Amino acid sequence: MLLPLAVAAPLVAAALLPLLGRRFGRDVALPAAAVLAAVAVGLGRRVPAVLDGATATWTRPWLPGTGVEAALRLDGLALLFALVVTVVGVLVMLYARWYFAADDPAAVRTVALLTLFAGAMLGVVLADDVILLFAAWELTSITSFFLIGGDGTKGASGARRALLVTALGGLALLGAAVLLAQAAGTTSLAGVLAAGPEVRAAGTATAAVALVVLAAATKSAQVPFQFWLPGAMVAPTPVSTYLHAATMVKAGVYLVLRLAPAFQGLAVWHGTLVLLGGTTAVLGAWVAVTRRDLKALMAYSTVSQLGLLVALVGLGTPLALGTAGLHVLAHALFKAALFMTVGVVDHATGTRDLDRLGGLGRALPGTAVAATLAAAGMAGVPPLLGFVTKEEALAAFLKGAGTYGAPAWTGDVGLALIVVASVGTVAYSLRFVLGTFAGPLRTPVHHRPGGGLEAPAVALAAASLVAGVLVGTLTPVLDLLGRDLGGGAPGVELKLWHGVTPLLLTTLGVLAAGLAVELGRGRLVGVLRAGRLPDGAAAFDATYDGTLRLGGRVRAISELHGLPAFLGPPLVVAVGLLLVGLVTVAPTGTPPDGQALDWVLVALLAIGVLGVTQSRSRIGAVAGLSLVGFLVAGWFVLHGAPDLALTQLLVEALTVALVVVVFRRLPDTFAAGARLRRGTAAAAAAALGLGLGGVTWLAVGRTGRSAVGDRYLARAEELTGGRNVVNTILVDFRALDTLGEIAVLAVAAAGIFALIRTPAERPLGPPRALPLDRGGDPRWRGSGGIEGPILRLMTELVAPVLLVVAGWLLWRGHQDVGGGFIGGLAAGAAAVLLYLSQGHERLWGSRWFRTLPLTGAGLGVALAHALSGPLTGGAFLPGGKLTVLGVTVARSLVFDVGVFVVVVGMVIGILRHLGQGLPEDEPAADRGGPDDRDPAGDAGVRA
Amino acid sequence: MSGLIPLAFAFPLTAGALGTLLRGRRAAQRLLTVAAALVVLALGVVLLAEVRTGGVVTDDVGAWPDGLAIVLAVDPLAALMLCVTAGATLVALTVAWARGEDDHPLFHPLVASLLAGVALALVTADLFNLFVAFEVMLIASYVLLALRGGRDQVRAGVVYVGTNLLASALFLLGVGLVYGATGTVNLARLATAVPGDPAALAGLSLLLVAVAAKAGLVPLHGWLPRAYVHAGPAVTVLFSGLLTKVGVYVLYRLTSLILVDVTGLAPWLVAVAAVTMVVGVVGAVGGKDMRGILTFHMVSQVGYLVLPLGLMTVDAVAAGVLYLVQYVAVKAALLAVAAATRSLEGSDRLADLGGLLRTRPALGIAFLLPALALAGLPPTSGFVGKYLLIDAAFAAGSWWGGAVMLGVSLLTLLSMIKILTGAFWGERPERPDPGHVLTATRRRVLVGVPLAIGVAAVLLGPAAAPLLELARDVATGLVDPSGYLTAVVRP
């Protein structure tokens with residue numbers, strides 16, 4: 001249970017700390033330190049067993065069916081990193097307690113996030129499943145983002161760079177994890193490592209290497225991604241110390257160390273890492289030499305040291321890998337101490353600028369000692385741990401790749417790069433110590449640090465010294481790492497004095513050269529600054545801004561007005577697919593029976609359609625459209641479909657009437673459209689029509705009546721008692737479709753109501769009483785009534801007759817031509833006549849002619865019929881008979897009544913809300929004006 | 001069980017009809033609509049339990065024999081989608097109530113009608129009936145979109161209704177050709193009749209254009225972000241959860257039954273999905289207000305959802321299903337945050353906002369958690385979905401499909417960071433404070449809903465097993481639809 005507890009305890013603590021924070025403020029750092037200390041102790045007790053080669057594992061299922069498990073494993077490498085994370089974590093927490101002011105609102109947030117980060121980082125190093133490793137890895141990136149960003153007032157751009165760069169690497173890691181898991185056949189990390197031969201032999205090996213290197217390079221700030229790390233220095237010092245020096249930036253190093261056995265022997269792996277790491281080491285060190293801001297200096301120093309670590313992993317010999325592990329420890333000790341001392345200096349003097357610092361040795365003796373020791377370790381001065389690890393690193397490169405799989409050149413090239421980097425390291429280490437603590441006092445201490453602020457750095461520096469003196473005790477660690485990662489013990493005894501060897505001479509040469517550089521710094525810095533490197537941060541920002549601009553262009557479509565831009569793509573795609581389909585369709589069977597009259601109708605239809613498209617007048621277009629409709633109705637008659645024909649006729653008649661009512665409010669003519677657009681539209685329409693016609697002519701039209709169609713004809717009367725097959729389909733067999741369609745009508749009527757009566761802008765109240773227009777205004781500007789005694793008399797006679805006919809059509813529909821829909825349309829026509837003859841006021845004033853009550857009630861009746869089945873133990877939308885007052889009718893007549901009422905309600909809705917006359921003070925419609933480009937857009941606004 | 005299926009349509013529609021009649025009584029309307037959503041949810045749960053292990057429940061509406069009836073069918077996918085749809089509706093209703101957006105006499109009836117149409121589309125096994133269901137959805141959503149009646153709403157509505165009417169016309173023409181060629185609209189019979197019939201395929205392609213347009217696939221996507229941003233914020237939540245997802249659902253259904261047998265189609269599906277992902281996310285990145293970013297994201301996520309259809313392995317489809325379920329919740333939460341921001345701050349334009357994480361920490365967390373999930377970051381459910389999709393793509397040999405997903409998720413993260421840095425970090429620009437326009441209870445609900453979803457999304461990452469098992473059951477039924485075919489086929 002140690003392993004899950006080690007990960008979970010910080011995560012849970014992180015969730016609880018904010019609750020304590022209200023009361024205890026910055027003191028929450030103490031329980032946080034306690035939690036990490038407990039984890040450190042628990043892990044520390046495992047050291048002897050792990051050194052004996054024992055491992056601990058813990059596994060729970062996570063994603064069933066994928067093999068992904070919540071698996072943890074503790075071996076030498078994991079333990080080393082976990083101890084660094086927890087021990088440094090404890091000291092950072094203590095440091096943070098005294099770093100933040102008592103009333104600093106950032107304290108609690110920072111401590112909680114640091115604790116969360118510790119849990120995530122422990123997850124990274126303990127994970128034994130590549131997917132879990134990725135999850136924890138990303139969590140470290142996220143916590144880092146929020147730690148850098150702080151409360152978002154100044155750290156935003158640095159945080160954004162850090163997150164996006166590390167997230168890029170995170171995604172690479174995810175890709176690599178999936179590739180590795182698929183090559184190895186398991187997501188278990190141990191399994192992947194055990195399947196090294198398969199991993200290396202897989203076709204995806206190079207891709208996996210590239211992705212792993214990308215992941216490590218972004219996380220561990222390797223060239224060209226190094227820029228995010230200095231940018232992250234806006235974070236408070238505890239954050240920089242913990243994440244951006246000691247632990248998180250080592251995650252990339254951990255990753256390549258961990259996966260080294262799997263890729264051992266792949267030249268691309270070794271070569272890339274040595275070059276990448278070596279270049280980064282050199283660049284980081286020499287940029288650090290030029291920095292004046294202590295935090296920036298330390299950040300570039302970290303970049304350089306990470307480069308050294310990556311290069312060591314690239315070399316891949318047992319000595320190199322083991323030394324990399326130990327140098328992680330050494331670097332964590334001295335770099336954490338250094339960051340803490342920088343924080344103390346900043347805290348005490350208010351500046352981190354080397355040009356304004358100096359002579360602080362007497363004022364801050366503890367810090368000065370700690371900083372000097374730590375810097376000595378960084379520069380590789382005996383007897384500190386950093387000296388031993390740096391020397392063994394040089395030794396590893398001097399020995400070269402050997403037979404461990406790396407190309408032979410990696411040793412020499414790596415050595416050269418590391419030596420150059422180390423000279424810079426010595427120089428900036430000297431610079432830091434001398435510039436801050438020696439010489440004349442420039443900025444006095446005005447804010448004396450508490451003991452709690454200085455102690456952690458002293459402790460870390462002391463540990464660095466003790467470990468260096470007692471370095472022999474670390475030999476088993478080196479051996480263990482060498483065995484686990486490199487395939488054998490390095491066979492090296494760690495000690496401070498090996499005698500006078502080439503190695504010692506190299507070390508001394510580096511130290512001397514570093515001293516020389518520091519002495520000649522004045523001229524050198526000018527030279528170094530002159531050779532400007534490409535600015536990674538600027539490149540990142542340019543990419544970021546460019547992406548946003550590209551996004552703006554891509555989304556331009558979503559900001560257009562007018563319909564054509566949106567109709568084009570579907571039309572073009574549809575036509576294209578249809579034409580592709582048409583090519584593949586071969587004529588089947590005999591052509592459908594035709595009559596000569598069919599072709600006459602086709603010709604007339606074509607003329608009608610052409611007329612619609614060419615008309616500039618709205619009324620003309622509607623007339624053309626209705627001509628087309630009437631022709632289709634005629635065609636239905638020709639082929640013996642009276643129900644369809646009647647429906648079509650009524651719909652056309654009503655449409656014309658209602659559309660004309662609406663058109664009063666619009667200009668007489670369409671806005672002038674671009675010729676190109678019209679041409680395109682005409683071409684698309686013609687192509688669609690011809691394509692559909694072609695497919696129909698060649699295939700669909702020749703298939704004859706479907707089997708289902710035959711069965712409808714054969715069995716409709718027997719099953720439903722109705723002779724009118726069309727009606728039985730509508731109200732019995734496919735009544736569900738009809739129910740849906742009347743729902744559409746009802747909602748459409750509601751929509752008219754909503755758009756006219758209740759818009760937020762300019763709601764239209766009840767119509768005012770307006771005098772009837774006697775002058776015959778073509779737009780019926782007044783009430784909507786048509787004057788003229790004959791017409792009036794006629795409509796008053798016809799309307800009641802039409803209503804009777806409508807009822808009759810409804811009643812007989814199941815047997816003969818008719819039905820609820822047709823009847824409803826007829827009744828609607830009666831309402832239109834009433835409106836035309838008696839005006840809008842008559843409809844408006846009537847209790848019966850109400851939109852929503854009618855459509856709601858009609859829909860309710862239809863639904864009542866539908867649900868009466870299940871309520872009486874029958875089917876939904878049941879068939880059967882119903883006897884009321886001795887009259888037996890089809891049960892579905894109830895449903896048809898509902899249809900009837902909804903259709904009437906729909907027509908009434910249009911007349912009530914769109915048929916209202918315009919008040920005198922309201923302009924009928926702007927003619928032209930700014931909406932010309934958007935002919936479709938103006939309809940609703942003014943209606 | 002089978003008798004329950006039509007109720008998923010009938011109950012919300014009844015609630016809509018009654019709501020129309022009770023338009024003066026908001027409380028009664030709310031009760032009706034919430035009851036309707038709860039009934040659909042309950043039906044979904046009950047049916048899901050019934051069909052979970054590969055069963056399919058059918059209902060011949062009206063009990064007409066001989067293949068004369070419309071067949072409704074519920075398989076695990078349909079049942080799960082009923083639950084998801086009802087859940088999204090409830091979230092949207094809550095947000096609408098909290099913002100006062102449901103204070104229109106027709107809001108509730110329209111939502112109920114929309115839910116009815118969606119439910120019918122989910123349960124029908126009949127191509128023409130599917131068209132009808134789409135129509136019910138379309139008309140209700142159009143009116144909802146334009147309900148506020150401002151100039152922008154009506155203009156957006158014209159684009160929305162125009163595009164969708166064209167899509168509907170194409171759908172209808174497609175159904176006509178398919179029926180003409182094969183003599184049936186029963187999905188199971190079409191599964192065997194369509195793939196070898198060029199004329200039916202021509203019809204199907206028209207139909208697919210229509211469905212793709214409704215789902216928002218590139219290049220038929222433009223209308224979606226154009227129209228959705230102008231709906232009421234709560235209506236956007238509703239549309240996001242219901243409308244495009246039905247398009248995706250139909251694509252899943254048609255692919256499972258028919259398209260999988262159309263040779264040469266799979267690579268095209270992957271390609272369209274990949275392009276959709278990229279275009280959607282790039283468009284999102286360019287947005288300047290929260291909803292503008294989030295609605296363009298819908299396009300991108302549709303690509304994620306459609307990609308598995310080009311692979312059609314159980315792993316891929318299961319990944320898609322899991323992704324869909326969690327994504328609907330996560331997107332609803334993010335849009336709810338946008339809605340809340342509009343209510344609390346008077347705007348959701350990034351330029352008008354700043355520092356919300358300090359001034360409204362709860363809202364900040366309510367944004368952060370689902371934002372992490374949308375970007376697919378661990379430990380959220382979004383991460384699980386993303387990983388499964390990428391794993392399935394690589395396993396199926398679709399290297400570049402997986403690579404595109406990886407790249408797109410980086411841009412998704414970028415867009416979330418854009419919102420975070422723009423609205424939740426930094427300083428609020430000088431601007432008159434809108435003041436407390438809502439009561440404290442409503443404010444709490446408005447923030448609490450996305451917060452709860454966000455917490456659930458985080459927990460659903462580590463505890464993904466039950467959802468993943470469910471998704472695998474659903475996927476099994478889609479990859480091998482023999483159970484559906486046997487249950488649905490009629491003479």
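These numbers come from the heavy atoms of this one structure, side chains and all, not from hydrogens, waters or symmetry mates. Residue numbers begin at 1 in each chain, while the letters A, B, ... track the order of the sequences. The structure presented is a predicted model; accordingly, all values stated were derived computationally and were not measured.
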Item to check | Full working for side-chain contact (heavy atoms from CB on, under 4.5 Å) between B/Leu120 and A/Leu736 | outcome: CA-CA 10 Å; B/Leu120 184 60; A/Leu736 184 59; 3.9 Å; yes
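- With chain A as the partner, the residue from B/Leu206, B/Thr421, B/Val314 showing the most heavy-atom pairs under 4.5 Å is B/Leu206.
- For chain A, the nearby part of B/Leu170 is the side chain; its heavy atoms alone come within less than 4.5 Å.
- Only the side chain of B/Leu388 comes within less than 4.5 Å of a heavy atom in chain A; its backbone stays farther off.
- Comparing A/Leu139, A/Val573, A/Leu164 by how many heavy-atom pairs each has under 4.5 Å with chain B, the most go to A/Leu164.
- Note that CG of A/Leu174 is 4.5 Å distant from CD1 of B/Ile390, once rounded to the nearest 0.5 Å.
- Using modelled atom types, no side-chain atom of A/Trp62 and backbone atom of B/Ala463 make a donor-acceptor pair closer than 3.5 Å.
- The two residues A/Ala857 and B/Leu21 come nearest to each other via the heavy atoms N-CD2, 3.9 Å.
- Remark: the backbone N or O of A/Ile131 is not paired with any side-chain donor or acceptor of B/Tyr387 at under 3.5 angstrom.
- Rounding to the nearest 0.5 angstrom, the gap separating the CG atom in A/Leu548 from the OG atom in B/Ser415 is 10.0 Å.
- Residue B/Glu135 touches chain A through both its backbone and its side chain, counting heavy-atom pairs closer than 4.5 Å.
- Your options are A/Phe134, A/Tyr544, A/Phe145, and the one with the most heavy-atom pairs under 4.5 Å with chain B is A/Phe145.
- Taking the side chain as every heavy atom from C-beta outward, B/Asp315 and A/Thr66 never approach each other to under 4.5 Å.
- For B/Leu410, the parts lying near chain A are the backbone and the side chain together; criterion is any non-hydrogen pair under 4.5 Å.
- Between A/Trp137 and B/Phe383, a ring centre-to-centre spacing not shorter than 6.0 Å is recorded.
- Taking CG of B/Leu166 as the reference point, atom CG of A/Leu571 lies at 4.5 Å (rounded to 0.5 Å).
- Between chain B and the options A/Ala574, A/Gly581, A/Pro569, A/Ala70, heavy-atom pairs under 4.5 Å are most frequent for A/Ala574.
- Contact of B/Pro109 with chain A is not made at all, since no heavy-atom distance falls under 4.5 Å.
- In this structure, the portion of B/Leu72 lying under 4.5 Å from any heavy atom of chain A is its side chain and not its backbone.
- For the atom pair A/Thr204 OG1 and B/Phe394 CZ, the distance stands at 9.5 Å (nearest 0.5 Å).
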Next on the checklist: Could you walk me through whether A/Val747 and B/Met137 satisfy the side-chain contact (heavy atoms from CB on, under 4.5 Å) test, starting with their C-alpha distance in whole Å, then the side-chain angles of each, then the deciding distance to 0.1 Å, before giving a yes or no?
Outcome noted: CA-CA 10 Å; A/Val747 174; B/Met137 277 164 47; over 6 Å; no
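- Taking the six-membered ring for Trp and the full ring otherwise, the centers of B/Trp223 and A/Phe566 sit at least 6.0 Å from each other.
- Heavy atoms closer than 4.5 Å to chain A are found in both the backbone and the side chain of B/Leu13.
- To the nearest 0.5 Å, atoms CG (A/Leu745) and CD1 (B/Ile139) are separated by 8.5 Å.
- Heavy atoms of B/Ser409 lying under 4.5 Å from chain A belong to its backbone as well as its side chain.
- Below 30°, between 30° and 60°, or above 60°: for A/Phe146 and B/Trp425 the angle between ring planes is above 60°, a perpendicular geometry.
- Between chain A and the options B/Val285, B/Val143, B/Leu372, B/Val159, heavy-atom pairs under 4.5 Å are most frequent for B/Val159.
- Options B/Leu224, B/Thr20, B/Leu406 differ in how many heavy-atom pairs under 4.5 Å they form with chain A, and the most are formed by B/Leu406.
- Of all non-hydrogen atoms in A/Gly740 and B/Val136, the two that sit nearest each other are O-CG2, 3.4 Å.
- The greatest number of non-hydrogen atom pairs below 4.5 Å with chain B, out of A/Ala707, A/Gly874, A/Gly149, is found for A/Gly149.
- A donor-acceptor contact shorter than 3.5 Å links the side chain of A/Arg711 to the backbone of B/Asp66.
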Distance-only criterion, 3.5 Å: show the donor-acceptor pairs between side-chain atoms of residues 549-556 of chain A and protein atoms not counting sequence neighbours.
unit_1: A/Arg555; atom_1: NE; unit_2: A/Glu559; atom_2: OE2; d: 3.3
unit_1: A/Arg555; atom_1: NH1; unit_2: B/Gly283; atom_2: O; d: 2.8
unit_1: A/Arg555; atom_1: NH1; unit_2: B/Gly292; atom_2: O; d: 3.3
unit_1: A/Arg555; atom_1: NH2; unit_2: B/Gly292; atom_2: O; d: 3.1

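- Comparing B/Leu220, B/Ile70, B/Asn186, B/Leu7 by how many heavy-atom pairs each has under 4.5 Å with chain A, the most go to B/Ile70.
- At least one donor-acceptor pair under 3.5 Å links the side chain of A/Thr703 to the backbone N or O of B/Gly180.
- Counting all heavy atoms, side chain and backbone alike, A/Ala750 lies closest to B/Leu106 at O-CD1, 3.3 Å.
- Of the two parts of A/Ala159, only the side chain, counted from C-beta on, holds a non-hydrogen atom closer than 4.5 Å to a non-hydrogen atom of chain B.
- Heavy atoms of B/Leu414 lying under 4.5 Å from chain A belong to its backbone as well as its side chain.
- Closest heavy-atom contact between B/Ala395 and A/Gln182: N-NE2, 3.2 Å.
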Item to check | Step-by-step side-chain contact (heavy atoms from CB on, under 4.5 Å) determination, A/Asp151 to B/Leu357 | outcome: CA-CA 8 Å; A/Asp151 66 357; B/Leu357 199 59; over 6 Å; no
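- Residues passing the salt bridge (charged side-chain N to carboxylate O under 4.0 Å, His left out) test with B/Asp391, sequence neighbours excluded: none.
- For B/Leu204, no part lies under 4.5 angstrom from a heavy atom of chain A.
- Contact of B/Asp60 with chain A is not made at all, since no heavy-atom distance falls under 4.5 Å.
- No other option in B/Leu368, B/Val384, B/Val282, B/Val299 has as many heavy-atom pairs under 4.5 Å with chain A as B/Val282.
- When each of A/Arg734, A/Glu138, A/Glu741 is checked for heavy-atom pairs under 4.5 Å with chain B, A/Arg734 comes out on top.
- When each of B/Gly62, B/Gly19, B/Ala202, B/Gly280 is checked for heavy-atom pairs under 4.5 Å with chain A, B/Gly62 comes out on top.
- Taking CH2 of B/Trp64 as the reference point, atom CD1 of A/Ile729 lies at 12.0 Å (rounded to 0.5 Å).
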Next on the checklist: Assess the residue pair A/Thr153 and B/Arg358 against the criterion (side-chain contact (heavy atoms from CB on, under 4.5 Å)); give the C-alpha distance rounded to whole Å, side-chain angles, the decisive distance to 0.1 Å, and a yes or no.
Outcome noted: CA-CA 10 Å; A/Thr153 44; B/Arg358 266 172 299 141; 3.6 Å; yes
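- The minimum heavy-atom distance linking A/Ala875 with B/Ala63 is given by the pair CB-CB, 3.8 Å.
- The two residues A/Ala167 and B/Leu413 come nearest to each other via the heavy atoms CB-CD2, 3.4 Å.
- Heavy atoms of B/Val185 lying under 4.5 Å from chain A belong exclusively to its side chain.
- No part of B/Ala392 comes within reach of chain A, as not one of its non-hydrogen atoms sits under 4.5 angstrom from that chain.
- Contact count versus chain B (heavy atoms, under 4.5 Å) is highest, among A/Pro61, A/Ala156, A/Ala136, for A/Ala156.
- Heavy atoms of B/Phe11 lying under 4.5 Å from chain A are absent altogether.
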